[in-house]
Amino acid sequence: MVKIDAKIPEGPLAQKWTKYKADQKLVNPSNKRKLDIIVVGTGLAGASAAASFGEMGFNVKIFTIQDSPRRAHSIAAQGGINAAKNYPNDGDSIGRLFSDTVKGGDYRAREANVYRLAEVSNEIIDQCVAQGVPFAREYGGLLDNRSFGGAQVSRTFYARGQTGQQLLLGAYQALMRQVEKKTVKLYTRNELVEIVLVDGKARGIISRNLVTGEIERHSAHAVVLATGGYGNAFFLSTNAMGSNGSAAWRAYKKGAAFANPCFAQIHPTCIPVHGEFQSKLTLMSESLRNDGRIWVPAKIEDAEAIKNGKLKPTDIAEEDRDYFLERRYPAFGNLVPRDVASRAAKERCDAGFGVGSTGLAVYLDFKDSIERLGKDAIEARYGNLFQMYEKIVDDNPYETPMMIYPAIHYTMGGVWVDYELQTTIPGLFCAGEANFSDHGANRLGASALMQGLADGYFVLPYTVQNYLSDFINTPRMSGNEKEFVEAENEVKERFQKILDIKGNRSVDSIHKELGLAMWDFVGMARNADGLKKAVDKIKSIKKEFWSNVRIPGSKEGMNIELEKANRLVDFIEIGELMAIDALHREESCGGHFREEHQTEEGEAMRHDEKFAYVACWIDKGGDKDPELIKEELEFKDVKLIQRNYK
Amino acid sequence: MEKNINLTLKVWRQNSPKDKGGFETYQVKDISTGSSFLELLDVLNEQLINEGKEPVAFDHDCREGICGMCSLYINGHPHGPDSEITTCQLHMRKFNDGDTIWIEPWRSAGFPVIKDLIVDRDAFDKIIAAGGYVSVNTGGVPDGNAIPIPKDNADESMDAASCIGCGACVAACKNGSAMLFVSAKASQLALLPQGKVEAARRAKNMVARMDDLGFGNCTNTGACEVECPKGISIAHIARLNREYLSAKLQD
Ligand SMILES: Cc1cc2nc3c(=O)[nH]c(=O)nc-3n(C[C@H](O)[C@H](O)[C@H](O)COP(=O)(O)OP(=O)(O)OC[C@H]3O[C@@H](n4cnc5c(N)ncnc54)[C@H](O)[C@@H]3O)c2cc1C
Ligand code: SF4
Ligand code: FES
């Protein structure tokens with residue numbers, strides 16, 4: 001029986017973390033050398049955790065599927081990272097960052113975790129500055145801030161449009177410093193394919209060397225998964241091509257609870273799809289909504305004329321434009337949270353007011369801010385994003401408005417973790433986007449970077465140490481124990497089975513089919529009928545995969561199709577669980593919008609009496625239905641209200 | 001406006017590091033000029049898989065010019081014919097119907113081929129490990145605003161920090177030197193008070209590691225700057241040389 005116990009420390013919210021740290025058990029330096037930690041993933045969460053463990057004196061192994069830790073998907077984050085510094089003196093505080101995040105998440109996150117996140121946010125900025133992260137500065141030499149959606153203060157720190165890159169490089173460099181000191185051993189192009197449990201505890205992993213195809217065994221006293229989100233279940237998303245949910249899914253298959261899988265975030269400002277060969281979607285940072293205004297034509301005939309190429313956006317007179325976010329949400333305007341902005345864009349396009357050749361796009365217009373601030377100021381803020389847009393679309397956004405449309409961007413759901421970021425499997429921890437913890441049903445902009453680094457620099461070093469203090473007399477395992485041998489054999493069989501199918505379809509063609517089913521039925525607006533269809537459809541896609549996929553080449557040496565196939569197996573199952581979870585959650589909240597549950601004005605309707613819980617799913621093996629266990633959420637420090645951005 | 005074009009591709013195929021390798025010729029049809037160069041390779045791979053052949057292995061991940069994973073010599077240019085972009089940002093509108101396109105991996109002693117178009121760039125990680133950081137541990141650091149940094153320095157540091165570690169500079173250099181990459185990191189950190197403290201030592205250690213790993217000497221040809229997708233300036237090499245000299249003088 002899996003037990004869901006969040007292990008939230010006693011005491012007032014603001015003192016819980018301090019109390020935890022004061023009570024936590026320590027490991028002395030000579031014992032740390034005898035304890036091994038495996039970290040999987042080198043994104044913000046994994047790199048920062050591994051570097052910190054190494055500095056503390058633990059013996060660390062870190063894994064990444066890319067050729068270098070610096071390539072983790074975190075590198076692509078553009079806009080910025082939040083912190084409650086209140087440098088601009090605009091009324092910000094830890095308490096406000098906390099309540100904004102709980103509210104932004106539509107009251108489906110655990111208060112204690114979110115408070116801790118807000119609490120350590122300031123330390124993150126200090127740490128990154130000390131590492132030489134070149135944050136944007138004002139003329140006085142102090143750090144500059146900008147605003148992001150869902151907040152009325154300026155609390156976002158940034159490094160041009162490349163914040164994730166700079167933060168990741170900071171963590172990567174700290175990591176490489178430890179690699180040089182030999183406290184951390186780095187495994188690149190090496191993929192976790194199984195987690196090994198001994199006596200119910202995580203004691204190691206089986207990995208696949210992506211260059212040689214060899215299967216390897218690695219043992220440790222604790223395992224940390226920091227493998228990112230599963231948004232690529234939709235095939236088209238803003239995630240990097242290699243982003244995947246497999247490590248998290250392995251944890252689920254080994255008995256870890258998987259929480260709120262249906263909470264996926266659709267980002268409002270992405271470059272629209274251009275054609276069937278499209279391989280991924282490109283995000284245009286949310287920070288653009290600081291200075292860009294979103295609109296569609298107010299008259300349907302203008303929208304038609306634009307679609308047919310008879311009118312240009314610049315031909316539409318000011319009074320014939322519908323700035324629909326400003327109209328519907330005067331208080332927050334273009335800076336409403338992502339889910340609200342995405343649905344509003346979909347609503348306009350579904351009503352026939354969309355633009356672009358497909359009618360599935362809205363405008364993001366910088367004309368007014370260029371007039372107000374000058375082209376140079378806009379270029380200094382967003383130059384690289386404008387360049388990116390121009391290279392992709394072949395339009396100059398300084399002269400004509402950008403076209404944008406929502407796309408899958410981030411997964412709030414993930415492996416369930418307690419206050420210590422430990423999964424339901426002892427010794428298995430999960431950090432960053434891969435866990436479910438801090439964002440509830442919707443993540444606010446600039447909060448993922450904050451969470452990844454909070455988990456890695458400032459939470460895991462305490463909680464993993466607390467766990468390991470009980471193992472100072474537990475010897476290392478050789479990797480020859482029967483649990484490792486069995487796990488390795490199972491993995492080998494799995495890969496052989498995929499290779500033996502020898503069907504007629506490429507991995508991508510099946511993945512695209514899955515993506516379409518997900519987007520159509522488990523996307524921005526969901527309903528019971530559609531979700532049931534999705535479950536059936538995904539089952540048939542699963543069958544198609546297992547009878548008709550074709551993998552050229554062999555298991556020896558590099559085989560990219562085999563890598564992708566192995567991940568697709570898990571995406572298919574994740575997709576199914578997303579649909580099941582979405583079907584069970586009979587309410588609308590955050591990124592999860594159930595058409596049956598909306599107000600007359602089309603706003604999301606939560607049902608707190610019934611659904612103020614975390615849905616934790618437990619695998620029952622084979623084709624059996626998963627079991628649902630609830631972690632009831634208690635809100636003591638924020639009041640549950642219907643979100644209102646009007 | 002977008003249209004469809006037909007192309008002949010000459011692609012380098014090499015099964016393993018030891019394999020000799022050579023060009024194969026492929027025809028691809030109806031490629032939308034709105035697609036990206038890597039989507040062209042996706043189409044080619046789909047075609048190869050359907051014919052029962054092995055697809056072309058190439059590195060890529062973010063497909064938006066930031067991870068530094070994609071590479072490729074396209075018609076003799078690292079990251080292809082367009083300026084200041086990576087291969088994944090290159091779009092087919094830069095090509096014409098009927099063109100023949102040559103596609104090769106980075107060719108440099110420092111970056112051995114693993115398979116087809118994929119090379120091993122571990123050497124860059126090793127150079128960073130030699131000193132491409134500020135030596136601070138997690139925790140116990142001063143407030144982020146404790147030391148004001150002139151905006152110009154912060155901006156210039158950010159320019160240097162934009163390097164994505166793709167290796168085009170090495171691939172473009174006839175000597176196979178990694179100086180642009182090394183100098184970008186050294187310069188980024190030397191420009192900030194936090195990194196200034198160990199600037200000389202850093203320069204010395206990173207350059208020594210680069211030499212050990214078999215990268216060539218810099219003779220100031222400037223080819224790296226021309227091909228760098230992020231517009232990293234060779235002025236950083238001059239700054240690195242200054243730090244390096246001052247370290248050598250202290251020896
Ligand atoms: C385009 C874009 C822009 C964004 N902008 C922002 C922003 O401005 N602000 C913000 O706060 N957030 C932003 N986000 C979200 C944020 O970037 C991510 O949520 C965050 O970086 C995730 O970090 P992570 O460490 O959890 O995982 P990732 O960075 O995704 O790292 C995952 C790591 O796990 C490894 N891995 C995966 N599977 C395996 C396996 N089986 N075996 C071994 N290794 C494995 C990968 O190699 C990689 O190293 C953005 C996201 C995108 C897509
Ligand atoms: S300096 Fe330029 S070419 Fe060289 S690795 Fe960095 S980004 Fe690539
Ligand atoms: S794929 Fe990331 S830079 Fe090209």
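A note on names: the letters A, B, ... follow the listed sequences, proteins ahead of strands, and every chain is numbered from 1.
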Enquirer: Provide the full list of ring pair (Phe, Tyr, Trp, His ring centres under 6.0 Å) pairs with a residue in residues 45-68 of chain B, sequence neighbours left out, each pair given once.
Expert: B:F58-B:H60
Enquirer: If I measure from the heavy atoms of chain B, does A:L169 come under 4.5 Å with its side chain, its backbone, both, or neither?
Expert: side chain
Enquirer: So which heavy atom on A:T282 is nearest to which on B:E64, and how close?
Expert: CG2-OE1, 3.8 Å
Enquirer: Looking only at non-hydrogen atoms, find the nearest pair between B:M158 and A:A159 and report the distance.
Expert: SD-CB, 3.9 Å
Enquirer: Which heavy-atom pair separates B:E39 from A:Q278 by the least distance, and what is that distance?
Expert: OE2-CA, 3.5 Å
Enquirer: Counting only N and O atoms by type, is there a donor-acceptor contact under 3.5 Å from the side chain of A:E55 to the main-chain atoms of B:T138?
Expert: yes
Enquirer: Within a 6.0 Å radius of atom NZ on B:K94, are there more than 12 heavy atoms belonging to other residues, nucleotides or ligands?
Expert: no
Enquirer: Salt bridge or not for B:D143 and A:K85, using N-O below 4.0 Å?
Expert: yes
Enquirer: Sub-4.5 Å heavy-atom contacts with chain A: which residues of residues 46-55 of chain B show up?
Expert: B:E46, B:I49, B:N50, B:E51, B:G52, B:K53, B:E54, B:P55
Enquirer: Is it true that B:D159 and A:R160 make a salt bridge, defined as a side-chain N closer than 4.0 Å to a carboxylate O?
Expert: yes
Enquirer: For the interface with chain A, which of B:G195, B:S36, B:A160, B:G139 has the highest count of heavy-atom pairs at distances below 4.5 Å?
Expert: B:G139
Enquirer: What part of A:I560 gets closer than 4.5 Å to chain B, counting heavy atoms only: side chain, backbone, both or neither?
Expert: side chain
Enquirer: I'd like to know if the side chain of A:K391 reaches the main chain of B:Q89, judged simply by a donor and an acceptor atom lying under 3.5 Å from each other, with no hydrogens or angles considered.
Expert: no
Enquirer: Search all heavy atoms of A:Q127 against all heavy atoms of B:V136 and return the closest pair with its distance.
Expert: NE2-CG2, 4.3 Å
Enquirer: Would you call A:R189-B:D59 a salt bridge at under 4.0 Å N-O?
Expert: yes
Enquirer: Would you name the heavy atoms of B:Y133 and A:M176 that are closest together and state the gap between them?
Expert: CE2-C, 4.5 Å
Enquirer: Using non-hydrogen atoms and a 4.5 Å limit, figure out which bit of A:Q166 sits close to chain B: side chain, backbone, both or neither.
Expert: side chain
Enquirer: A:R71 and B:G165: which non-hydrogen atoms are nearest, and at how many Å?
Expert: NH2-O, 3.1 Å
Enquirer: Measure A:I271 against the heavy atoms of chain B and call it side chain, backbone, both or neither at under 4.5 Å.
Expert: neither
